[in-house]
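Provided herewith is a single structure, encoded as structure tokens, for subsequent inquiry.
Reminder, nothing fancy here: chain letters follow the sequence lines and each chain counts from 1. As the structure is a computational prediction, the values presented were derived from the model and not from experiment.
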There are 2 protein chains.
Amino acid sequence: MMIEEQSIDKNSVIPIYYQLAKLLEGQILSGELKPGEALPTETEIAGLFEISRMTVRRAISELTSAGMVHSQQGKGTFVSSPKLNNVVFELNNFNQEIKDFGLKLSTNLLGAHIVRADERLLKIFQLDNPNTRLLYFRTVLSAEDERLAYERKYIIYTKSKPILETNLMDPTLSGLVTANNDVLPVSTKKILQVSITTKEEASILGIGSNAPVFVVEETLFDLENKPVGWSKSIYRGDRYQLTGYDGWLRKDNHGGMNLG
Amino acid sequence: MMIEEQSIDKNSVIPIYYQLAKLLEGQILSGELKPGEALPTETEIAGLFEISRMTVRRAISELTSAGMVHSQQGKGTFVSSPKLNNVVFELNNFNQEIKDFGLKLSTNLLGAHIVRADERLLKIFQLDNPNTRLLYFRTVLSAEDERLAYERKYIIYTKSKPILETNLMDPTLSGLVTANNDVLPVSTKKILQVSITTKEEASILGIGSNAPVFVVEETLFDLENKPVGWSKSIYRGDRYQLTGYDGWLRKDNHGGMNLG
DNA sequence: CAGTGGTCTAGACCACCAA
DNA sequence: TGGTGGTCTAGACCACTGC
């Protein structure tokens with residue numbers, strides 16, 4: 001595994017560890033270093049480039065984070081096999097890509113009410129008192145006058161903070177909670193399912209009944225891990241898709257979306 | 001921002017940087033350190049615990065990776081606001097969770113053929129030669145005799161490697177490619193959509209027509225970023241769901257699935 | 001046992017920021 | 001200008017691996 005020594009400039013503004021990481025990454029991506037093969041030892045690399053071993057370790061840790069190599073104490077550092085089975089989908093590509101595409105995204109408030117928690121909501125919010133009151137929002141998300149999503153959101157009602165008109169336009173559940181509550185949501189759980197529209201949902205979205213949609217249930221939690229917000233949203237299946245990548249990714253891999 | 005000095009044991013087998021990271025994480029999760037607040041400077045922390053600044057930096061880098069703090073050169077290190085808008089869904093939870101649940105997962109080969117690339121496939125594989133031949137596999141995934149998913153996979157055909165019976169049972173596209181090809185798939189792209197079953201799909205899965213399903217299109221790429229495999233799979237909407245988390249997560253947050 | 005990666009130190013110099 | 005985080009060094013000792 002020859003490594004061209006020229007490629008590192010100690011006086012560059014680019015950190016040495018970064019240069020070295022990119023150099024090693026290049027060796028792997030070009031096939032010079034194949035999965036399963038060992039990198040030179042940290043001491044060897046340090047000697048080759050006349051740099052400190054700590055700097056070498058910093059470079060290797062970059063590659064480890066990227067999943068391209070893995071180290072084993074007492075044995076060495078080895079090129080990993082690309083993992084292709086853990087593709088992750090980022091849900092927020094959705095609206096972000098629509099904005100990036102230059103389309104105007106608007107939120108339409110269908111209604112905001114104070115409701116008493118029914119059995120389902122008591123369970124979701126892990127509450128005992130059936131008199132607990134919740135704020136209930138119904139909104140429709142549109143791009144260029146085309147309705148794309150229908151969202152139903154519940155948050156715990158506290159009188160301490162008044163509800164401001166501007167808050168209601170915040171399309172995110174966490175935005176609503178922080179605006180109308182003193183608690184800080186610190187974690188969230190989302191469940192993604194598929195379904196078909198009911199008559200009511202179809203009419204709200206202006207599409208046909210039994211049309212395929214994404215269903216996203218979100219639960220927001222505070223520092224004590226107690227639910228402080230819950231929402232159920234549906235996204236039109238003919239307008240939304242999730243894209244995900246995995247493996248040894250080049251930067252130019254991404255891009256592109258379908259707005260149909 | 002008081003930090004109890006007792007909590008670090010320099011002689012413990014647990015690394016100092018890890019102890020310190022957990023200590024700071026505890027301060028943040030308990031609310032002692034709130035979003036926006038500054039941590040003590042690295043030199044201060046090093047002095048407090050009489051440890052090296054590099055060790056402090058290692059601890060902080062752990063928290064930075066976890067998204068709990070962020071550093072600004074020349075200013076300091078600050079507690080971040082939890083990011084709740086980038087939930088990621090891991091697709092492979094699917095079959096993994098079914099296995100974890102103790103159910104037997106089986107793959108049924110409906111057919112394996114050599115086909116000539118049509119226009120759609122030529123475009124997908126970025127090929128010019130219309131005589132290019134591809135291997136085409138159709139499989140059904142079942143758990144405990146219930147059919148869950150229907151997969152159609154195409155890989156580039158090379159005579160060099162014979163197709164073995166055992167290879168055909170490998171349910172993953174990358175498994176098929178590596179088994180029947182000399183190229184190494186290094187990256188993958190997946191597109192997740194929703195749809196409803198056609199008559200043919202419904203009959204293969206043993207469910208009704210127009211039932212909601214996940215549609216996953218996967219493209220595998222080699223080192224030169226050329227497509228070497230492509231598949232289109234459908235997953236029953238009443239049996240599959242994706243779960244994702246974001247924010248400041250405690251380990252005990254996860255778990256649980258719906259196999260209906 | 002020798003060789004590997006994992007941790008840690010006590011310095012150093014730098015780029016950046018705010019006053 | 002003084003204080004911050006960012007980088008880098010030249011050591012040290014350790015735990016683990018395989019012979």
Near-strand residues of residues 57-74 of chain A, defined as heavy-atom separation under 4.0 angstrom from DNA chain D: A/R58, A/Q73, A/G74

Check this for me: does any side-chain nitrogen of one of B/E224 and B/K226 sit under 4.0 Å from a carboxylate oxygen of the other? no

Of the listed D/dT7, C/dT9, D/dC8, the closest approach to the A/T55 side chain comes from D/dC8

Please state how far atom CE in B/M54 lies from atom C1' in D/dG5, giving the value in whole angstrom units. 12 Å

Measure OH/A/Y17 against P/D/dC8 and give the value in whole Å, please. 7 Å

Just the rounded figure in Å: distance from P of D/dT7 to CG of A/D9. 16 Å

In whole Å, I'd like the distance from the NZ atom of B/K10 to the C1' atom of D/dC14. 16 Å

Any side-chain heavy atom of A/S71 within less than 4.5 Å of one from A/I60? yes

What's the closest nucleotide to the side chain of A/K75 if the choices are D/dG18, C/dT9, D/dC8? D/dG18

If you check every side-chain atom of B/T41, which of C/dC8, D/dG6, D/dT4 has the closest atom? D/dT4

Answer yes or no: is there a side-chain heavy-atom contact under 4.5 Å between B/W248 and A/S187? no

Any sub-3.5 Å donor-acceptor pair from A/D246's side-chain atoms to B/T188's backbone N or O? no

Among C/dG6, D/dT7, D/dG5, which nucleotide sits nearest the side chain of B/T77? D/dG5

Donor on one side chain, acceptor on other, A/E42 and A/T77, under 3.5 Å: no

Specify the separation, in whole Å, of atom CD1 of A/I8 and atom P of D/dT7. 15 Å

Regarding the side chain of A/I16, the nearest nucleotide among D/dT9, C/dT4, C/dC8 is D/dT9

Given atom CD of A/E42 and atom P of C/dG3, what is their separation to the nearest angstrom? 16 Å

Are A/T158 and A/N181 linked by a side-chain donor-acceptor pair shorter than 3.5 Å? yes

Would you mind reading off the distance between A/I45 atom CD1 and D/dT9 atom P, rounded to a whole angstrom? 14 Å

Specify the separation, in whole Å, of atom CZ of B/R53 and atom C1' of D/dT7. 9 Å

Under the 3.5 angstrom rule, does the side chain of A/K22 hit a backbone N or O of A/Q19 as a donor-acceptor pair? no

